[in-house]
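Contents: one structure, followed by commentary.
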Amino acid sequence: KKSKKQTNGDGHVLTPAEIKRQELFDEKEKEILTQQAMNEGKPAAIRYPNAGECARVLETFYPDGAPETVGVRASYTPDEDVQAVIVVHGAMASEALAARDLLGEQGIRAGVLLTEYIRPYGKLADELLSLLPAGVPVVFAEEEIRSGGFGMMLSDALRRRGALEGRAWDILATDDSFVHPAARDGVPEPIFRTAGVDAVQAHCGAYDAQGRHSRRGHHHRGTAQPHT
């Protein structure tokens with residue numbers, strides 16, 4: 001009887017060495033997250049994936065394995081000249097990296113910030129301040145509902161700290177409605193694509209924000225519907 005092949009979040013079939021690395025990373029990550037939750041001294045929820053991490057996410061944000069702390073990981077170094085930043089958490093990290101590739105094909109150097117925790121938003125905003133290049137357009141991309149979600153709450157915390165002054169910004173999220181996956185040739189498309197929060201839409205949001213920044217230098221105070 002053949003054993004079922006193990007894949008990660010991007011559908012890649014894992015080799016035995018990769019499976020072992022994933023197991024070690026998962027165990028270390030669970031240990032760190034649990035310890036930090038206990039250190040908070042207050043109720044905390046740990047969101048843990050039910051599938052292996054995307055190989056590219058591991059290579060980009062965790063080249064040395066699971067970190068000793070929970071915080072914000074950047075795909076770029078402080079001395080890199082990025083022209084747009086996509087801020088994400090969770091499964092959207094792989095979509096953001098794909099969006100970065102699409103932007104690169106158009107001559108726009110984009111970076112991705114992966115947040116390993118969501119709340120408290122004030123603490124997260126403070127940590128992002130040192131990682132956001134001055135004046136660079138920002139897109140908050142998430143798979144959750146727009147109203148009261150990650151992008152809205154985090155952008156509000158950053159706005160109150162003056163971090164969004166002088167920069168274009170936007171939120172890419174799902175609307176508060178039922179989403180019915182579309183199908184092509186009888187095969188349902190990925191739910192991210194149907195909801196308008198996949199790599200292509202993140203790319204469009206960052207491209208438009210960068211264009212507004214280049215043309216006018218004004219910041220965007222509202223939230224726009226995802227491009228379709």
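The first residue of the sequence shown is numbered 1, and numbering continues consecutively from there.
A 4.5 Å side-chain heavy-atom check between I32 and T69 finds every atom pair outside the cut-off. Proximity of Q36 to L33: side-chain heavy atoms (C-beta onward) are nowhere separated by under 4.5 Å. In this structure, the side chains of K123 and Y117 come closer than 4.5 Å at one or more pairs of heavy atoms. In this structure, V88 and E95 have side chains that are not in contact, with every pair of non-hydrogen atoms separated by 4.5 Å or more.
Under a 3.5 Å cut-off, the side chain of E127 and the backbone N or O of G71 do not form any donor-acceptor pair. Between the side chain of R100 and the backbone N or O of I86 there is no donor-acceptor pair closer than 3.5 Å. Of the possible polar contacts, none joining the R73 side chain to the Y62 backbone as a donor-acceptor pair under 3.5 Å is found. A donor-acceptor distance shorter than 3.5 angstrom exists from the side chain of R167 to the backbone of V136, with no hydrogens or angles considered. In terms of modelled atom types and a separation under 3.5 Å, the side chain of E80 and the main chain of T77 share a donor-acceptor contact.
Salt bridge D156/R159: present, at least one basic N to carboxylate O contact under 4.0 Å.
Annotation for R161: atom CZ counts as buried by contact number, over 12 foreign heavy atoms lying within 6.0 Å.
A distance of 8.0 Å separates OG of S94 from CE of M92, quoted to the nearest 0.5 Å. The CG atom of L154 sits 9.5 Å away from atom NE2 of H89, with the distance rounded to the nearest 0.5 Å. For the atom pair CG of L129 and CG of L124, the computed distance is 9.5 Å after rounding to the nearest 0.5 Å. With rounding to the nearest 0.5 Å, the separation of OH in Y76 from CG in D81 is 11.5 Å.
Considering all non-hydrogen atoms of both residues, A84 and I108 come closest at CB-CG2, 4.5 Å. Residues A173 and R146 come closest through the heavy atom pair O-NH2, 3.5 Å.
Partners of Y121 under the side-chain hydrogen bond (donor to acceptor under 3.5 Å, both in side chains) rule, at least two apart in sequence or in another chain, do not exist in this structure. Under the rule for a side-chain hydrogen bond (donor to acceptor under 3.5 Å, both in side chains), E40 has no partner lying at least two apart in sequence or in another chain.
The side-chain contact (heavy atoms from CB on, under 4.5 Å) test with V87 is passed by exactly one of V138, L158, L131: V138. In summary, of the residues considered (V85, T60, V82, V57), a side-chain contact (heavy atoms from CB on, under 4.5 Å) with S75 occurs for T60 alone.
For residues 134-145, the pairs satisfying salt bridge (charged side-chain N to carboxylate O under 4.0 Å, His left out) are R47-E144, with sequence neighbours left out.
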When you look at F140 and T115, which way does the side-chain contact (heavy atoms from CB on, under 4.5 Å) test go after all the steps?
-> CA-CA 11 Å; F140 304 91; T115 67; over 6 Å; no

